[in-house]
Amino acid sequence: MDGKSLNISEEKLDQLKEILPEIFTENKIDWEKLKAALGDNVEFKNERYVLNWAGKSDAFRALQSASTATLVPCKEESVNFDETQNIFIEGENLEVLKVLQKSYFGKIKMIYIDPPYNTGNDHFIYPDRFAESREDYLSRIGDKDETGLMTREGLFRKNSKDSGHYHSNWLSMMYPRLFLARNLLRDDGVIFVSIDDNEVHNLRLLMNEVFGEENFVGQFIWKTDGNFDNQAKIKNCHEYIVLYAKTEELFPHPPVVDPNIPDKSKLFKDEIRNTIVKNGPKNPESKISLPKGFPVDFSEGEIKKRNNAWPKYYSDAIIRNGKLLNDVIVSSGWSSKDLLEEFINNNLVPIKDNKDQDTTFIISKTGAIEIIKKRSENQSHVISVLTNMGGSQKAASELEDLNVVFDNYPKPTIMLNYLLKMISKNDFIALDFFAGSCTTAHAVLALNKEDGGNRKFICVQLPEKCDEDTEAFKAGYKTIAEIGKERVRRVIKKIKEEQEGKLDLDGNMEKDLGFKVFKLQESNFKIWRTNIETEEELLSQMELHLDPLDENARIEDVLYELLLKSGVPLTAKIKKEKGFVLVNDYEAALMLEKADEKIIKQILAAKPKKVFTLDRLFKDNDKLKTNTALQMKDAGIEFKVI
């Protein structure tokens with residue numbers, strides 16, 4: 001309470017910032033950015049603090065251009081297609097992100113991406129010269145399919161350091177993808193982005209623009225194996241992971257522990273094994289001297305007095321059944337001596353430290369003494385330096401164990417597991433739209449097996465061709481997408497084999513072990529041309545669209561396209577009835593193959609909220625079409641003819 005009335009201006013600015021965070025610079029509206037965000041052709045000229053680059057206006061146009069593409073199911077490449085909630089999408093990720101906007105807007109809890117680092121050898125897609133004609137563009141790139149149309153792979157090209165727009169191309173590639181990714185996040189969602197020194201500075205500025213500087217959560221330093229070959233001056237052995245929240249105040253403090261020591265949360269219990277000092281004594285029952293700093297577990301026994309040694313014991317410590325039986329004066333020579341004394345005096349019951357944290361002392365499985373502090377919900381156990389996460393060698397060995405060949409540098413699953421554990425719940429969707437070999441999918445499946453979670457993944461990967469001289473190509477993989485799909489299949493197979501013959505005591509064996517494969521393709525419906533110049537072209541276009549459905553379209557593909565474009569997720573429950581399909585019980589019904597009074601009567605009896613059908617089904621029967629529309633209206637059912 002500040003005693004002032006509502007500041008209308010500030011309230012409206014806050015609302016605008018929630019909708020369009022990218023138009024704010026240093027908490028002020030950037031009017032040129034606002035115009036660009038609304039589709040105006042703007043050249044950024046004024047001197048001010050702003051991230052700008054050659055081609056930024058083109059990146060805005062790439063973001064704003066609508067996609068007519070769709071996703072078609074590929075059941076033969078899937079595992080347990082009809083039941084699973086996991087998804088793999090093969091296609092160019094900018095188009096895929098656009099296609100997912102209606103069905104997954106605000107539904108993703110976590111995004112992890114490992115985009116091209118822009119080392120000078122990366123191949124990726126970025127907006128090109130929009131001003132040139134389509135014919136000139138197709139001629140220039142020289143990449144068409146058998147029908148004369150440009151292929152998406154034609155846009156996939158190397159961003160050489162020799163290019164004058166080297167950094168600009170990378171920014172133009174990343175900007176629209178990050179913007180669309182933000183739309184998909186829940187209000188309490190987060191995004192992790194792996195990066196190295198080549199673009200970390202630009203990434204932070206770009207993320208500030210898209211997500212808002214106030215939503216920066218942290219930047220992790222990941223200590224990798226390192227690449228010590230062919231480097232001059234400084235030998236790098238680290239990369240970064242940048243973390244932003246959709247809305248920082250809604251992102252709770254992560255519930256995981258320090259990644260550099262084992263998780264001891266399971267040891268926080270009444271029966272506490274203990275020792276007295278950091279550098280414990282020799283085991284009285286053993287003639288072997290243990291290394292300094294490696295105490296012995298005296299869950300039951302005695303610690304004898306020691307003379308002329310540090311640390312000192314001023315009386316014997318007798319422990320029976322995890323309880324200290326006598327008073328002991330502790331002089332441990334370390335900062336937590338007072339806490340340890342208080343813990344002992346409190347009969348080994350957890351105590352409060354000066355930060356109101358429950359504190360106890362335990363012996364870990366290795367024998368090392370640790371202070372365990374049960375932190376409150378507003379305190380984080382996460383630290384910014386990740387040192388025990390493995391690197392490319394660890395990740396490569398995981399693929400070798402699955403007998404999967406991948407020539408690039410994947411991320412280790414242990415690191416992805418750690419990021420996944422930062423999310424306070426274990427029932428959410430994780431999206432990775434630079435999926436590569438599908439480490440994210442592997443980590444989700446493995447972690448669900450470990451803790452019984454119900455996490456789901458959506459992985460998106462371009463069918464980037466494997467070079468013929470690579471080991472992956474020699475092993476039979478034509479594209480990176482094929483490698484990713486095969487890895488997921490083998491992870492699922494391995495988990496099933498490990499579970500075979502075991503009793504399902506914790507209920508984890510019933511977890512989702514499958515994934516649906518979808519592929520990006522052009523719409524099943526004919527697209528109306530907008531560049532019509534003559535009356536003949538108009539007549540030809542109208543005649544072509546008497547039946548808007550492509551003659552080669554499969555009914556199942558049409559089904560999923562209509563679901564996507566009406567905002568229904570790809571994992572919707574689909575039930576086939578006689579003559580129609582029910583989606584998510586009674587959320588929608590689709591009549592795609594035949595329309596007659598019997599089928600319409602059955603649909604009305606089912607009472608779905610919406611009904612979609614094809615105009616072609618009412619050919620030469622306008623009366624049936626009109627009556628159906630009236631019946632649906634009377635029943636309170638939304639009826640749409642396409």
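Because the structure is a prediction, the values reported are computed rather than measured.
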Testing I87, I89, N93 one by one against L100 for a side-chain contact (heavy atoms from CB on, under 4.5 Å), which residue passes? I89

Residues at least two apart in sequence or cross-chain that pass ring-ring contact (aromatic ring centres under 6.0 Å, His included) with F105, listed by chain then number, are none

Heavy-atom side-chain proximity of K223 to L386 below 4.5 angstrom: no

Any side-chain heavy atom of C459 within less than 4.5 Å of one from F434? no

NZ/K565: more than 12 non-hydrogen atoms of other groups inside 6.0 Å: yes

Answer yes or no: are there more than 12 heavy-atom neighbours, outside E468 itself, under 6.0 Å from its atom CD? no

Aromatic F433 / basic R177 pairing, under 6.0 angstrom, 45° off normal: no

Using the ring centroid of each side chain, check whether Y560 and F518 are separated by less than 6.0 Å. yes

Basic-acidic side-chain contact under 4.0 Å: [X], [Y]:
X	Y	answer
R489	E486	yes
K474	D469	no
K109	D188	yes
E77	K516	no
K421	E450	yes
K478	E464	no

Under 3.5 Å donor-acceptor, R186 side chain and G106 backbone: no

Would you please classify the geometry between the H167 ring and the H201 ring as parallel, tilted or perpendicular, with 30° and 60° separating the classes? perpendicular

Do the ring planes of H238 and Y240 sit parallel (below 30°), tilted (30 to 60°) or perpendicular (above 60°)? perpendicular

For residues K485 and F515, report the shortest heavy-atom separation together with the two atoms involved. O-CZ, 3.7 Å

What's the shortest heavy-atom distance between P116 and I195, and which atoms? O-CD1, 4.4 Å

Applying side chain to side chain contact (heavy atoms under 4.5 Å, CB included) to K75 and D82, what does each step give before you reach the verdict? CA-CA 9 Å; K75 291 187 176 182; D82 292 329; 3.8 Å; yes

Could you pull out all residues at least two apart from S194 that satisfy side chain to side chain donor-acceptor pair (under 3.5 Å)? Y112

